[in-house]
Amino acid sequence: MPFAAYTSGMNKLNHAAGAAVLLLASASAFATATVSFVEIGKMTDVPHDFHKREDMQFLFREHLNLLSEKLPAGQVLKVDFLDIDLAGDEFPRVAVRDIRVLKGQADWPRMHLRYSIEQDGKVVGSGESKLSDPGYLMGTNSYSRDLYGHEKQMLDDWFRKEVLKQR
């Protein structure tokens, strides 16, 4: 079992390294995103397990990089996550794995973030947003089968309404 975990970690590392090389190679042609998590240990609801928390950070960075491709070439989206409250509640099930239960009650996803859009080192747009989706289990979700799909959908809506309108 330790070998499988190591292999999985190495695959993620190889995937991240490959993505970084592609990102660097295309940085001059495409918009990019810089993402940070401010005091992640103090956030409302993020994974307690270090590896799960790293996976969450990687997935949110990757998602914001994909969204930033919709910005004009040369623009940089900078996002600081100030707080995250993931959809559902995490419950310990067994010693090796917790489960996240989505009830559709007061467990909707919330995020507090600060962002800026830069072009040639100058800020062309910025803001601070508190995102939430109380109806996260209703309606359509493009990422319903993805890990953190509700949060990704919420980021898509925020990006479309807040970031793209500032271009």
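Quick note: residue numbers are just sequence positions, from 1.
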Qualifying residues under side chain to side chain donor-acceptor pair (under 3.5 Å), relative to [X], sequence neighbours excluded:
X	value
S144	none
E54	none
E128	H112
S126	none

Do [X] and [Y] sit in one hydrophobic cluster, given that two such residues count as connected whenever their side-chain heavy atoms are within less than 4.5 Å of each other, even indirectly?
X	Y	value
L147	M43	yes
M154	F58	yes
L64	Y143	no

side-chain hydrogen bond (donor to acceptor under 3.5 Å, both in side chains), that's the test. Do N141 and H150 meet it? Break it down for me. CA-CA 7 Å; N141 183 337; H150 299 292; 3.2 Å; yes
Once rounded to the nearest 0.5 Å, what's the spacing between atom CG of L71 and atom CG of L164?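 Between atom CG of L71 and atom CG of L164 there are 6.0 Å.
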Could you measure the distance from the CG atom of D45 to the CG atom of D85? Nearest 0.5 Å is fine.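 Spacing of CG (D45) from CG (D85) equals 5.0 Å.
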List the atom of [X], the atom of [Y], and the distance in Å for their closest heavy-atom pair.
X	Y	result
R53	P47	NE-O, 3.0 Å
N65	A33	OD1-N, 3.1 Å
S129	E162	OG-CG, 4.2 Å
D133	W108	O-CB, 3.0 Å
V35	R61	O-NE, 3.3 Å
I40	V46	O-CG2, 3.7 Å

With a 4.5 Å limit on heavy-atom distance, are the side chains of [X] and [Y] in contact?
X	Y	result
V163	I117	yes
L67	L77	no
M111	L155	yes
F159	K70	yes

Under the ring-ring contact (aromatic ring centres under 6.0 Å, His included) test, residues paired with Y115 that sit two or more places apart: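 Per chain and number, Y115 pairs via ring-ring contact (aromatic ring centres under 6.0 Å, His included) with W158.
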Output all residues satisfying ring-ring contact (aromatic ring centres under 6.0 Å, His included) with F37, sequence neighbours left out; order by chain, then residue number.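 F81.
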Under a 3.5 Å distance rule, please check whether E118 uses its side chain to pair with a backbone N or O of V124 as donor and acceptor.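 Judged by distance alone, no pair lies under 3.5 Å.
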Sequence neighbours left out, what passes salt bridge (charged side-chain N to carboxylate O under 4.0 Å, His left out) with D157? Give chain and number order.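 Once residues adjacent in sequence are excluded, the partners of D157 under the salt bridge (charged side-chain N to carboxylate O under 4.0 Å, His left out) criterion are R160.
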Contacts of K42 that satisfy salt bridge (charged side-chain N to carboxylate O under 4.0 Å, His left out) - sequence neighbours left out: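 Only E39 meet the salt bridge (charged side-chain N to carboxylate O under 4.0 Å, His left out) criterion with K42.
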Suppose clustering is done on Ile, Leu, Val, Met, Phe, Trp and Tyr with side-chain heavy atoms closer than 4.5 Å. Which residues sit in the same group as L82?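 V38, listed by chain and number.
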Show your working on side-chain contact (heavy atoms from CB on, under 4.5 Å) between F60 and V79 and close with a plain yes or no. CA-CA 10 Å; F60 286 167; V79 177; over 6 Å; no
Listing request: all salt bridge (Lys or Arg N to Asp or Glu O under 4.0 Å) pairs with a residue in residues 145-156, at least two apart in sequence or in separate chains.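 Matches after skipping sequence neighbours: D146-K152.
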Please test D80 against L113 for side-chain contact (heavy atoms from CB on, under 4.5 Å), starting from the C-alpha separation and ending with a verdict. CA-CA 6 Å; D80 296 325; L113 48 89; over 6 Å; no
